[in-house]
Protein chains: 6
Amino acid sequence: MNQKNALIVSAHSADFVWRAGGTVALYAQRGWNVHILCLSFGERGESARLWKRENISLETVKQIRREESEQAAAILGASVSFLDCGDYPLRVDDETLFKIVQVYRDLKPEFVLTHSFKDPYNFDHPLANHLAMEARIIAQAHGHSPHEPVIGAPPVFLFEPHQPEQCEWKPETFLDISSVWEQKYQAFQIMGAQEHLWEYYTRVGLQRGAQASRNSDKKIKYAEAFQCVYPRVTDDLL
Amino acid sequence: MNQKNALIVSAHSADFVWRAGGTVALYAQRGWNVHILCLSFGERGESARLWKRENISLETVKQIRREESEQAAAILGASVSFLDCGDYPLRVDDETLFKIVQVYRDLKPEFVLTHSFKDPYNFDHPLANHLAMEARIIAQAHGHSPHEPVIGAPPVFLFEPHQPEQCEWKPETFLDISSVWEQKYQAFQIMGAQEHLWEYYTRVGLQRGAQASRNSDKKIKYAEAFQCVYPRVTDDLL
Amino acid sequence: MNQKNALIVSAHSADFVWRAGGTVALYAQRGWNVHILCLSFGERGESARLWKRENISLETVKQIRREESEQAAAILGASVSFLDCGDYPLRVDDETLFKIVQVYRDLKPEFVLTHSFKDPYNFDHPLANHLAMEARIIAQAHGHSPHEPVIGAPPVFLFEPHQPEQCEWKPETFLDISSVWEQKYQAFQIMGAQEHLWEYYTRVGLQRGAQASRNSDKKIKYAEAFQCVYPRVTDDLL
Amino acid sequence: MNQKNALIVSAHSADFVWRAGGTVALYAQRGWNVHILCLSFGERGESARLWKRENISLETVKQIRREESEQAAAILGASVSFLDCGDYPLRVDDETLFKIVQVYRDLKPEFVLTHSFKDPYNFDHPLANHLAMEARIIAQAHGHSPHEPVIGAPPVFLFEPHQPEQCEWKPETFLDISSVWEQKYQAFQIMGAQEHLWEYYTRVGLQRGAQASRNSDKKIKYAEAFQCVYPRVTDDLL
Amino acid sequence: MNQKNALIVSAHSADFVWRAGGTVALYAQRGWNVHILCLSFGERGESARLWKRENISLETVKQIRREESEQAAAILGASVSFLDCGDYPLRVDDETLFKIVQVYRDLKPEFVLTHSFKDPYNFDHPLANHLAMEARIIAQAHGHSPHEPVIGAPPVFLFEPHQPEQCEWKPETFLDISSVWEQKYQAFQIMGAQEHLWEYYTRVGLQRGAQASRNSDKKIKYAEAFQCVYPRVTDDLL
Amino acid sequence: MNQKNALIVSAHSADFVWRAGGTVALYAQRGWNVHILCLSFGERGESARLWKRENISLETVKQIRREESEQAAAILGASVSFLDCGDYPLRVDDETLFKIVQVYRDLKPEFVLTHSFKDPYNFDHPLANHLAMEARIIAQAHGHSPHEPVIGAPPVFLFEPHQPEQCEWKPETFLDISSVWEQKYQAFQIMGAQEHLWEYYTRVGLQRGAQASRNSDKKIKYAEAFQCVYPRVTDDLL
């Protein structure tokens, strides 16, 4: 078969929902295999609600977060896997890095989505960016597991951080996600812990939609925005 | 008829050849009307060869430059017009700015190419950038010549300056121009004054081609590179 | 009397509502004289709705925009004046610049709000920034109208542009405007022409409020954000 | 009791004197508990004078540096502790990082001072910055030592590096330290090793004082300058 | 004779003393003709002391400033001329621009010193930078006064603004001026109006000297620092 | 003897040829000892050609790469040593860092060449930059191996990466290498694996030569370009 792949590298198990859920759903709808790789469950730093439960254990937090993440991925039409590297701080050794390389080699993704280069509120995010990019480079090296074919040069897009200007992140590409907004919003609702974020990221979707309209002659209600790491190579400027 | 338009705003009458000749030829070949608007003839600052002729007059220099420019445009399949604003320094009043606005209104271009934001070697180039962008904004204003329809939001791409790093210009989009390279090189040869530039810009084409190959899985011999002013709005990240 | 003054320099007659209406209302409520100086009415570039009326004249557009602006200022508790310099493009000669200098000298404002340094969608905004800053500098010069006292060094804050990341604008100070939100929203409603903007800037207020909460230990619903031009001089870091 | 806390994270045991001694003394004078956390003694890289003594041991250097640092802290009215992580290069494992997290949790500081993001002359300084910021983020995570209360969002200010422009550090807040200058200068004198620095940092104090005066309507003799990491959240723009 | 020339383009008649007086004296001492071109006298914005004299006229202020400037230039061993374009705001038409071009053509300077690209405290300074650079470019154009020989490509260095970090100015080259410090300080003393600046710029000289020492293996007491506009072309990296 | 030293820190065993071969040859020709320190052989990531050989082992690849590198260094007149740290990813522990420190202490180089700060295509390059700079700083510390003399402050230059604009690298110094071009090109030819790079870097040499000519009054055919890490300290601006 000839199914195309996309790869999402997410520091914590919920990031992909808020930041790239529309893109995931859109490409899944188009028949792509969209695979989400979660480096951690966000169990320590992004599960405040769960830690309010008396005597909850770390393992239980991780289990709940995993289940939520799997449900959200299912709603979006994507597959998901977890590396369980820990969070706050995320720490990744080379053995794990090579697992990410293997994901690249197995999927040969057409494009990759990951976090911004900087985030002064969250050091796991830039580290996830670094890992996603370093693994891509190693996957291109002929001398890494030399019996395997290397990958090409898939473009890397950086999805929107929580406070974009503070992260020196700039929207350079807008993708219209209006047709899959309902799915994205359903995926939000799985993430029970973080209800105030439903509204926050609904507004992000609307603002980016309004801006996408301004930058085109289209009427776009919801959009997701991405920064581009590499130059685009194209036959058509538009 | 339904011919699509592109607009090139060139400070001097030869800039479009070196910096965007391939893109011009490519879109012309695809049936577009590509229109080149030259703000000056480059008569004072970019005609060193001609000024070596004894007793040559400014008018003669301008005339020769105009003819070369028209020939080059013809080779590339484009139309060309001239505003004759003078160069070194280029100076443009609001009346002329409104002429550029009118070109936008008449053409409703799908995209616009112009110079970089900065150029410490050439102050006419950033001014051309400013004019191209200001005219585009005014052409969008409902109260400017209110009886006319306004334009939409055509993307603006900045073509490559002579010393890219010194101009803080960054290649963000590569267009494969291999199929029209011969035309571009023929247009070079019209520009008799600047033979050393033929080689210089042939090498630019090859370097950008090699880089375009590196950033994709394609084999590209010649490319032109552009910086993007506005975010891209798209249905497809690739 | 000893009333304190603040000065808002607005390129068009509605900018201050969307971008600084909360701050205006907050300081007015505190007993300050907040004065809004509109360089133009936004008659050509920001009055699309009015131009749909058949045979409307430029003068009528300006008159309606002036009235809306006066009503909005009244709701916010501020005074407003107009320089009628034209828009799209805004053009200001030195005589007008000196009028702005005079406003500085007359008011001796404690702080100044104006537009961002850059805006690739709107060239009147950066020009307003430039004028507000240049007038401030001239108002400090002992040899300008040497019989008058000079002003001190009021801080200058840049209010939020429509597409902040594209304007290289960064929120560096958040002001809680929750207590005056109703006034700000009433002022929105005067601006009949631009209904979609009511929602857009309501969302801006909520996003900035959420971000202000994240950057403090307070619960803030609505905020306005500003970039700082000059360093802060203080007795207290907090 | 209700004493407020401030935290200074200093790569070497003398950095806080030159770069933040005035701020330390000022807040101590106001009744705050100002705690200085020294990651190393600067024993290898910032003790050239001591290494001139024949046969001096690393332990002796560290002991002398510790004593000087304690004396300087006492003069400034602050407490000080040491993590003894080594310098040139500073190296910190996660166990030590969690000790810094614990300091945040214990102190719940109102603000934090640390080094600049970059320093091409000293790689311990940016690492101290990174640790101070990463520890702050982890101290905010509900799942880190979940039985303990998390901290809020204390602002982080970056004190002045030795060659500010080379470090891409920008003074964004000036604090008037004239009233405690004598204490700061006394603390300088404890640092016997580095006499030429007394004059250097006296001049820094005077230059920043002169600049603080220029940016306000006050007459300020000595100031310390800081870059701000996070946006300010405030009720008052001034 | 074969005397080498250097050109200093100074917005106001005192700038060259504070910012480049050492370099001027050093090259004058080496037998160069160093020519200072003052675009204005700084009569409105930099003569506060003079405006305190009762009933002093603008012409008298200009006359005094001219005389001080001539005396300072003489002490430094340089020639000086004045274009009297006015200050706060400096305004220059093309006719005056062409006079600056003529200075370039007449002097064929080996290098040029002028102001920084930005200065949020002083808009005459960036304009002087722009004029110095634009005139240099026009002087290179074969079609400008085509009967005259064009100039080559003299490097342009930007001298130190009053608040360097706020001006985004970076010291990239340090010149040891210790041997001519006495002359520079004597020139300071001519500038009676601005006594507090004597000390300020003495400290600047010492700080830049200390930094120059740190960046070399030399012992340098006083230095001047410059930002470089163009890349250096050299036979020797050191 | 009094031979001067230069140090090249190269991530992989071929980098120095493409990026700094001319400078190496030029200084070797002038009688300097130019020492090249290769952190890895580029065995995994930069030996695609070799990996096409059936059943080739990692050790054989490294051996071939070492030999090529030694031959190229010999042609250029330089010495070379290898740390064999591995590539894709390069990983260096402190023990190895201290070996680099020892090279600095042994050589006391007059200048250092290494990679750019950033490279989104190659993470070994920025790491080599970091190591070269960190080792230099440690070699300056009196308490590191305190019995040894410390080094001074050799300037560090960053040679040209493969896609300069994407690496935020800027040419700030051009060195004319025309006189040693033949040697550089011979060294290219040793690098059998990467024939397409011969042409690519020949064009780089020609483009930088043309740019060097533009920035001077010299006629330069081939040049190498460098970014400067530290400010230049000089007696002569030119």
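The sequence lines fix the lettering, A, B, ..., with proteins before strands; numbering per chain opens at 1. Worth knowing before you read on, the calculation uses all heavy atoms, side chains too, and leaves out hydrogens, waters and symmetry mates.
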Region of D:N122 in contact with chain F, defined by heavy-atom distances below 4.5 Å: backbone

Residues 127-161 of chain F: residues contacting chain D (heavy atom under 4.5 Å, by number): F:H130, F:M133, F:E134, F:I137, F:I138, F:A141, F:H142, F:G143, F:H144, F:P146

With chain F, which of D:R91, D:K52, D:E165 has the greatest number of heavy-atom pairs at distances under 4.5 Å? D:R91

What's the separation between atom NE2 in F:H12 and atom OH in F:Y88, rounded to the nearest 0.5 Å? 5.0 Å

To the nearest 0.5 Å, what is the distance between CZ (D:R105) and CZ (D:F98)? 10.5 Å

In terms of the angle between their ring planes, are F:F111 and F:W32 parallel, tilted or perpendicular, with boundaries placed at 30° and 60°? tilted

Determine whether the aromatic ring centres of residues D:W18 and D:Y201 are separated by less than 6.0 angstrom. yes

Does the pair F:C85 and F:T96 meet the rule for a side-chain contact (heavy atoms from CB on, under 4.5 Å), with working shown? CA-CA 8 Å; F:C85 300; F:T96 308; 3.7 Å; yes

Is there a side-chain contact between D:S69 and D:F82 (heavy atoms, below 4.5 Å)? yes

Should we count NZ of F:K108 as having more than 12 external heavy atoms under 6.0 Å? yes

